[in-house]
Amino acid sequence: MHADTCSHIQAISSVKPPQQLECAECVKIGASWVHLRTCQECGVTLCCDSSPNRHATKHAKSSGHPVIASAQPGERWLYCYPDEAFVRY
Ligand SMILES: [Zn+2]
Ligand SMILES: [Zn+2]
Ligand SMILES: [Zn+2]
């Protein structure tokens, strides 16, 4: 990973891929989502901030898990919530 980013992103040696291409919380409540993100701490895939329920951000805030990766095909980037750090890989 890039040397000029935060310690959370530097600690990631391999990016966790999504286990499923759906939001784990939206499917429980029958909601829809726009894009998907995968938590790099626990591996759960949740919906982005353009989605009505913003589950990935809610998960990061409630769990303290700092880094998400885009789960969209073809998108290769990481984002760290506490540091607001965005890195392509
Ligand atoms: Zn960080
Ligand atoms: Zn969701
Ligand atoms: Zn997590």
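Positions are given from 1 along the sequence. In listed order, ligands and their atoms are each counted from 1.
- A ring-centre distance under 6.0 Å is found for Phe86 and Trp77.
- The Zn ion (ligand 2) forms the vertex of an angle spanning SG of Cys23 and ND1 of His55; to the nearest 10 degrees it equals 110°.
- Residues Thr5 and Ala85 come closest through the heavy atom pair OG1-CB, 3.8 Å.
- With the Zn ion (ligand 1) as the vertex, atom SG of Cys80 and atom SG of Cys6 span an angle of 110° (nearest 10 degrees).
- Judged by distance alone, the side chains of Ser70 and Arg37 do bring a donor and an acceptor atom under 3.5 Å apart.
- Nearest to the Zn ion (ligand 3), among the N, O or S atoms that His65 has, is ND1.
- Contact detail for Gln72 and Leu36: the closest heavy-atom pair is OE1-N, 2.7 Å.
- The Zn ion (ligand 1) is closest to atom ND1 of His8 (considering only N, O or S atoms).
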Fill in: Worked check of side chain to side chain contact (heavy atoms under 4.5 Å, CB included) between Arg54 and Cys48
CA-CA 5 Å; Arg54 302 181 176 186; Cys48 72; over 6 Å; no
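- His59 has its closest N, O or S atom to the Zn ion (ligand 3) at the position named NE2.
- Atom OD2 is the N/O/S atom of Asp83 found closest to the Zn ion (ligand 1).
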